[in-house]
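Here is the structure we will look at.
All ligand and atom numbering here is 1-based and tracks the order in the structure. Everything numeric in this text was worked out from a predicted model, so none of it was measured.
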Amino acid sequence: NVTPKWWHDAVVYQIYPRSYCDSNGDGMGDLRGIISKLDYLQNLGVNVLWLSPVYKSPMDDNGYDISDYQDIAPEFGTMADMDELLAQAKQRDIRIIMDLVVNHTSDEHPWFKEARKSKDNPYRDYYIWRQPSEDGGVPDEMGSVFGGSGWEFDEQTGEYFLHIFSKRQPDLNWENPKVQEEVHKMMNWWIDKGIGGFRLDVIDLIGKEIDKKITGNGPRLHPLIQQMNRETFGDKDLLTVGETWDATPEIAKLYSDPAREEFSMIFQFEHICLTWKNKDKWTPVPLDLPEFKKVLTKWQVELADQGWNSLFWNNHDLPRAVSKYGCDGQYRVESAKMLATTLHMLKGTPYIYQGEEIGMTNVAFESIDDYRDIETLNFYKERTENGVAPETMLAAVHENSRDNGRTPMQWDDSANGGFSAVEPWIKANPNYTEVNVKAALNDDSSVFYHYQRLIELRKSLPVIVYGDFEAVFEGHDKVFAYLRSNDEQRLFVMNNFSNEPVTVDIPEHLQSAQVECVIHNYEARQQLGDLVTLKPYESFAVLLP
Ligand code: TEU
Ligand code: CA
């Protein structure tokens, strides 16, 4: 009973342009580099590209601090390059969705440059200012996601401004109708250029009401989103995905129930935060598979018919999936394929993060000096200055630093993984000699062809896109298995998340003397008896009669 949408069976590929492909030998990825890889992406079979920001920016947070929403950062190229990318992608039936960062701007945005000039400047209320507290300090205890206070003192006018992220990312005041109007106008300018949609950065924060201590998911939020929908993308057939860190399935319905006319879907991070102790990414804990399965199952079941799931293991803020949830050593290929099948056979729109399709892994730089991410560097400094041993913090950085996903895309085994002719802005992962696109394309049992097959299956088996989800062996601590079904087909998926063989009893109703194995990472299964033994990280999907 869901109205079909083109993004229901789409597969989105996220590009972090800074690290994708450097076409002009300056050590930074760029738009022309992306254009040169469109045939590769078309061969993989993806039909949407989500670009992390390429707008003008001082690059304090690698482009998530925007100083001109309607111009391209020279590091990435020109607006002509952007138009060329849109045109070339369109020729390949690939849509481009832009990263919309409107919770905050850069402190170099003209609006902020004006706002900080004086208290009565017309742009003052585009941002959030407060008087110092009685003792002259910060207005309140609001913190920044990147460490320290969320308030920065501005000498010029003797007031503090709010920044949930870095002090160079001042928060916009969304209660100001002029802010709403300016952002909507800019969004329509991009929509008129023929983009396929938006990824909306930390959009749950635009409803903040600081004096009531509200930041995410406040009562002002959904009215603002519904207004944005009406004023911009609502009557267009675009994919919109909101980044909302603390959403629950109930909250996700508010964002993605088509009747509410807000977004197509959201990114929620409940499965990601399971390996963070007390939501602190710098105290990582091992994967608890039963918990992991419970969360994935909950989202499949509860969002089933009143919203839509996004499906992802990693992005530019997260460690590499095969290192985090699989095995980046002996079973790198098998576990990368297992993770791919586990995710892509679920109900929802899958997102592939650049390099995930060739099983790229976390990097473990010996020195903190090789890291570039502002969040990593801020917290390394803050924690080691407050008693955490450097080697303990470096181990946490190896586990969860955002730079794990930001090392250069590995194209071949030449210097820097073929990403650039010169030393890149961040070092390449030394394993580019074995893990690279060229090797993957020359190996028909590579992770790449596994992803290509999964994408083909999504286009050919309606049960994957719209079938019901039912967890199987829910209590099992090593195997995540589930059944997808509709009136015509039953697809049974089994995934061994462990590095040991596992034997499971197959329930009667799933046993069959004849099955059609549509994908596997060892041998194809011809039948399902009463006992099945899975090899380490073995995964398969079979159509049952
Ligand atoms: O990320 C939201 C965000 O808060 C993440 O940075 C995440 O909370 C953090 O890494 C967890 O420790 C979005 C963008 O994806 C991110 O790249 C930006 O840095 C951030 O917003 C600010 O725009
Ligand atoms: Ca470049």
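In this structure, R124 satisfies the cation-pi test against W129, with its NZ or CZ atom closer than 6.0 Å to the six-membered ring centre and inside 45 degrees of the ring normal. Geometric assessment of K37 against the ring of W411 yields a positive cation-pi assignment under the 6.0 Å and 45° thresholds.
Listed for the S323 side chain is no donor-acceptor partner under 3.5 Å among the backbone atoms of T361.
For Y123 and F112, the gap between ring centers reaches or exceeds 6.0 Å.
Not counting sequence neighbours, the partners of F153 by the ring-ring contact (aromatic ring centres under 6.0 Å, His included) test are Y160. D68 pairs by the side-chain hydrogen bond (donor to acceptor under 3.5 Å, both in side chains) definition with nothing, not counting sequence neighbours.
Between D370 and S367, the side chains place no donor N or O within less than 3.5 Å of an acceptor N or O (distance only, hydrogens not considered).
A salt bridge links K56 to D71: one of the charged nitrogens lies within less than 4.0 Å of a carboxylate oxygen.
Less than 3.0 Å away from the Ca ion (ligand 2), the protein contributes these N/O/S atoms: D22 OD1, N24 OD1, D26 OD1, M28 O, D30 OD2.
Around the CD atom of E366, the shell of radius 6.0 Å holds no more than 12 heavy atoms that belong to other residues, nucleotides or ligands.
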Dump the pairs for me: ligand 1 N or O, protein N or O, distance under 3.5 Å, to 0.1 Å.
from, atom 1, to, atom 2, distance (Å)
ligand 1, 1 (O), E243, OE2, 3.2
ligand 1, 1 (O), D317, OD2, 3.3
ligand 1, 6 (O), R402, NH1, 3.0
ligand 1, 10 (O), K281, NZ, 3.3
ligand 1, 10 (O), E375, OE1, 3.3
ligand 1, 10 (O), E375, OE2, 3.1
ligand 1, 12 (O), K281, NZ, 3.2
ligand 1, 12 (O), E375, OE2, 2.6
ligand 1, 15 (O), R199, NH2, 3.0
ligand 1, 15 (O), H316, NE2, 3.0
ligand 1, 15 (O), D317, OD2, 2.5
ligand 1, 17 (O), H316, NE2, 3.0
ligand 1, 17 (O), D317, OD1, 2.8
ligand 1, 17 (O), R402, NH1, 3.4
ligand 1, 19 (O), D61, OD1, 3.4
ligand 1, 19 (O), D61, OD2, 2.6
ligand 1, 19 (O), R402, NH1, 2.8
ligand 1, 21 (O), D201, OD1, 3.0
ligand 1, 21 (O), D201, OD2, 3.3
ligand 1, 23 (O), H104, NE2, 3.1
ligand 1, 23 (O), D201, OD2, 2.9

